[in-house]
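Accompanying notes for the structure given below.
Keep in mind the model is a prediction, meaning the values are calculated, not measured.
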Amino acid sequence: MTSLRRQLLVYLLGGALLAALLAGFLTYRAVLRESDEILDYHLRQVALSLGAQRFGGDLPPLDAGEEARFDLVVRVWDESGVRLYQSHPHSDLPGFAQLGFATVAEADGGWRVFSMQTRGNVVQVAQPLAVRERLAAGMALRVLTPFLVLIPALGLLVWLAIGRGLAPLAEVAGAVARRSPGSLTPLRLARVPDELRPLVAALDGLLVRLGEALEVQKAFTADAAHELRTPLAALQLQVQLLERSRDEAERQQAVLRLKAGLQRATHMVEQLLTLARQEGAAGEFAAVDLHALAAQAVAELAPLAQAKDIDLGMAGEAGRVELSGDAAALRILLANLIGNAVRYTPQGGRVDVRVAHAAGEGVRLEVVDSGPGIPEAERQRVCDRFYRLADTEAGGSGLGLAIARRVCERHAARLSLLDGPGGRGLKVEVAFPERP
């Protein structure tokens, strides 16, 4: 059953009905037991009241109509066994008396009999079991009548209570349904039951996060549109220069500038797509050998380093350095950090990549270059999107460190920009937390 209302009704009404039936059954049995005790008490009282009487022979017999109105049969014997009195001559009871209470089965039905001896006489009072059962059933039915009335009333009360109790759910659903697609303000409902407060708080938190994510996406789109406008305009200008070239030398120069512009635009678009994927990434983590990934990234960027005569390699001891992460995202992180280091390091420089376990601090990745470094005042800004240092000679989109920071945030890692050895160059340090 998927309906919460239906489940509550079935469980509550079913439980109430079973409880009522059980209570009715136990009450019925208790009433029968109590009625037996009361009727036995009456038999005893009748016998005691007759014990002090004197009997001298049978009274005139009753006719059938009068006899039918009596529910008790009384017989009296003297000490020699001579019957002194019998109220119902036609009753078929045994001709002997067993002192105390007894249940006797006769041809005309069962009897409940009480016999006692007093002043030399034996008094016997009997009552048909059918009469006792009819009286007990009547008493039990009168006791159970309130149950029969209360069960429907209880069902109606449960129905109304469930409807009233689930009304706040409908109110929350209505508040969400009435919202426009662009409305992401928190619900802030005035009266919410304690049981619904976590749900409403979670919805409000989700709306706040969605609003923040949409604002980030809007800002990203606006920045991307602004940043793409310049290289596209430059490409258009270079095409015009190519068309206006007067000789082969000018044409070749224009083609080279156009190819360089296309490479810059392509790199920027690739970086934008990479950043967009990382903003919405939610892949599952698995065991990753970060040292092997770093060595692979170094091998892929080796031709770029060789073209600038840069000494690029892995520093420290080789070995498996495992952490829990997204392998594709970590490849992007390494490619951006090492690529930036190679791009900004001057001709004949050096770039070292080190991956190692830090005692009590998890895994640490370091990319150290001998380039110009980044002024300390600019280190907070360079991780922003599209931010580039004013005096830099290397081309770029200003997205590499922004992508790296996003990957680090996904892995709960700390990205730090520090001075290189001896205060020269730049050391980029990424500290990953210990595996749980």
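Rounded to the nearest 0.5 Å, atoms CG (N336) and CZ (R331) are 14.0 Å apart. Atom-to-atom distance recorded for L8:CG and I162:CD1 is 5.0 Å, nearest 0.5 angstrom. Considering CG of L301 and CZ of R343, their distance stands at 8.5 Å, rounded to 0.5 Å. Atom CG of L43 and atom CZ of F101 lie 6.0 Å apart (nearest 0.5 Å). Atom CG in L99 sits 8.5 Å away from atom CZ in F114 (nearest 0.5 Å). Distance check, rounded to the nearest 0.5 Å: CG of L17 to CG of L21 gives 4.5 Å.
The shortest side-chain heavy-atom distance between V123 and S115 does not fall under the 4.5 Å cut-off. Side-chain contact between R44 and M116: absent, with no pair of heavy atoms (C-beta onward) separated by less than 4.5 Å. Under the 4.5 Å side-chain criterion, counting only non-hydrogen atoms from C-beta, T103 is not in contact with W111. Side-chain contact between E429 and R364 is present, with heavy atoms from C-beta onward closer than 4.5 Å. Residues V353 and L365 form a side-chain contact, since some pair of their non-hydrogen atoms from C-beta on lies under 4.5 Å apart. A heavy-atom distance below 4.5 Å is not found between the side chains of E322 and V288. Between V298 and I338 the shortest side-chain heavy-atom distance falls below 4.5 Å. Contact annotation: the side chain of H411 approaches that of L330 to within less than 4.5 Å [non-hydrogen atoms, C-beta and beyond].
Between the side chain of D369 and the backbone N or O of V351, no donor-acceptor pair lies under 3.5 Å. Judged by distance alone, with hydrogens and angles left aside, the side-chain atoms of S370 form a donor-acceptor pair with the main-chain N or O of R350 at under 3.5 Å.
Of all non-hydrogen atoms in L426 and G373, the two that sit nearest each other are CB-CA, 4.0 Å. Scanning all heavy atoms of the two residues, the minimum distance from V367 to A341 falls at CG1-CB, 3.9 Å. L337 and A404 get closest at one heavy-atom pair: CD2-CB, 3.9 Å. Of all heavy-atom pairs spanning C408 and L415, the tightest one is SG-CB, 4.0 Å. In this structure, L334 and A297 approach most closely via the heavy-atom pair CB-CB, 4.0 Å. Across every non-hydrogen atom of L154 and A16, the tightest pair is CD2-CB, 3.5 Å.
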Worksheet entry | side-chain contact (heavy atoms from CB on, under 4.5 Å) between Q124 and V76, intermediate numbers included | CA-CA 6 Å; Q124 183 184 69; V76 182; over 6 Å; no
Item to complete: Test R320 against H291 for side-chain contact (heavy atoms from CB on, under 4.5 Å), laying out the working first.
Response: CA-CA 6 Å; R320 184 176 180 85; H291 191 280; over 6 Å; no
Practice prompt. Any chance you could lay out the side-chain contact (heavy atoms from CB on, under 4.5 Å) test for R29 and F25, step after step, and finish with the verdict?
Written response: CA-CA 6 Å; R29 294 296 302 270; F25 174 74; 3.8 Å; yes
For residues 126-146, which side-chain donor-acceptor pairs fall under 3.5 Å, sequence neighbours excluded?
| from | atom 1 | to | atom 2 | distance (Å) |
| --- | --- | --- | --- | --- |
| Q127 | OE1 | R132 | NH1 | 3.2 |
| R132 | NH1 | D40 | OD1 | 3.3 |
| R132 | NH2 | D36 | O | 3.3 |
| R132 | NH2 | D40 | OD1 | 2.8 |
| R142 | NH1 | G138 | O | 3.4 |
| T145 | OG1 | L141 | O | 2.7 |

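Scanning for salt bridge (Lys or Arg N to Asp or Glu O under 4.0 Å) contacts around E409 gives R406, with sequence neighbours left out.
No salt bridge links D352 with R354; every basic N to acidic carboxylate O contact stays at or beyond 4.0 Å.
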